[in-house]
Amino acid sequence: KAGVTQTPRYLIKTRGQQVTLSCSPISGHRSVSWYQQTPGQGLQFLFEYFSETQRNKGNFPGRFSGRQFSNSRSEMNVSTLELGDSALYLCASSLEGSGYEQYFGPGTRLTVT
Amino acid sequence: AQSVSQHNHHVILSEAASLELGCNYSYGGTVNLFWYVQYPGQHLQLLLKYFSGDPLVKGIKGFEAEFIKSKFSFNLRKPSVQWSDTAEYFCAVKWGAQKLVFGQGTRLTINP
């Protein structure tokens with residue numbers, strides 16, 4: 001079974017730009033969660049989607065948004081990028097939700113200059 | 001606010017030493033508890049989980065964890081570590097339908 005895939009793997013953007021990251025979950029998984037990982041803050045929860053509905057949202061500004069499609073693929077968007085948005089963005093998929101075993105992707109390394 | 005604390009930021013052990021990594025969470029109620037591990041260059045993966053039942057749970061690679069409800073703790077243990085256990089370990093807690101909260105992580109270095 002193919003694992004969670006994330007594209008792109010690396011991204012360099014300039015302050016003020018916007019970015020879209022993509023996540024393809026494991027086949028059959030209906031839940032996708034997004035996390036931001038930084039050395040200082042660790043793993044911070046961004047959002048969780050289940051069958052195209054947002055179940056939970058973390059404490060991030062409105063510049064961070066996401067969505068899930070009918071095939072369970074998910075995208076997250078960050079508008080008006082700031083230097084502090086530089087991080088590894090991880091996607092995780094699960095059969096039933098983040099309260100169950102999650103399978104993580106390799107992440108997208110975003111650098112904002 | 002919900003929070004998860006991992007008090008050991010970096011632990012250095014020799015092979016065959018015993019390991020215990022601490023994890024405490026902010027308050028009770030119904031919780032699902034997890035330990036995830038990230039080996040160098042690899043994805044985060046689940047080590048073990050506790051939902052209910054026997055508070056001593058066993059995971060992969062000889063790891064186990066004990067849920068102590070009265071102490072809001074879920075410490076990770078391994079009787080004898082190996083060099084291949086070098087990794088970063090994350091405790092995570094989910095309260096009911098709330099978001100999953102991760103601890104800051106503990107970096108474990110095993111010297112051969």
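As the structure is a prediction and not an experimental result, all values here were calculated from the model. Proteins get letters first, then strands, A, B, ... in listed order; numbering begins at 1 in each.
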Determine whether [X] and [Y] fall in the same hydrophobic cluster, where Ile, Leu, Val, Met, Phe, Trp and Tyr are linked whenever their side-chain heavy atoms lie under 4.5 Å apart.
X	Y	result
B:Leu21	B:Leu56	no
B:Leu46	A:Tyr103	no
B:Ile68	B:Leu48	no
A:Val19	A:Trp34	yes
B:Phe90	B:Phe51	yes

For each of [options], tally heavy-atom pairs with chain B at distances under 4.5 Å, and name the one with the top tally.
options	result
A:Gln102, A:Gln44, A:Gln37, A:Lys57	A:Gln102
A:Gly58, A:Gly105, A:Gly42	A:Gly105
A:Gln41, A:Arg55, A:Glu48	A:Gln41

Tell me if the [atom1] atom of [X] is crowded by more than 12 foreign heavy atoms within 6.0 Å.
X	atom1	answer
B:Asp54	CG	yes
A:Leu95	CG	yes
B:Arg107	CZ	no
A:Arg15	CZ	no

> Measuring heavy-atom distances to chain B, does A:Tyr35 have an atom under 4.5 Å in its side chain, in its backbone, in both, or in neither?
Replying inline: side chain
> Is it the backbone or the side chain of B:Ala97 that comes under 4.5 Å from a heavy atom of chain A, or both, or neither?
Replying inline: backbone
> In terms of heavy-atom proximity below 4.5 Å to chain A, should B:Gln38 be classed as side chain, backbone, both, or neither?
Replying inline: side chain
> Can you check ring-ring contact (aromatic ring centres under 6.0 Å, His included) on A:Phe45 and B:Phe102, steps first, answer last?
Replying inline: CA-CA 8 Å; A:Phe45 171 81; B:Phe102 279 83; 9.3 Å; no
Roughly how far, to the nearest 0.5 Å, is the [atom2] atom of [Y] from the [atom1] atom of [X]?
X	Y	atom1	atom2	value
A:Glu101	B:Asn32	CD	CG	12.5 Å
A:Tyr100	B:Lys49	OH	NZ	11.0 Å
A:Phe47	B:Lys99	CZ	NZ	12.5 Å

>> For the backbone of A:Gly40 and the side chain of B:Gln104, can you confirm whether one donor and one acceptor N or O come within less than 3.5 Å of each other?
In response: yes
>> Under the criterion side-chain contact (heavy atoms from CB on, under 4.5 Å), I'd like the reasoning laid out for A:Leu43 against B:Leu44: C-alpha separation, chi angles, the key distance, then a yes or no.
In response: CA-CA 11 Å; A:Leu43 274 155; B:Leu44 267 165; 3.8 Å; yes
> Going by heavy atoms in the side chains, are B:Lys94 and A:Asn56 under 4.5 Å from each other?
Replying inline: yes
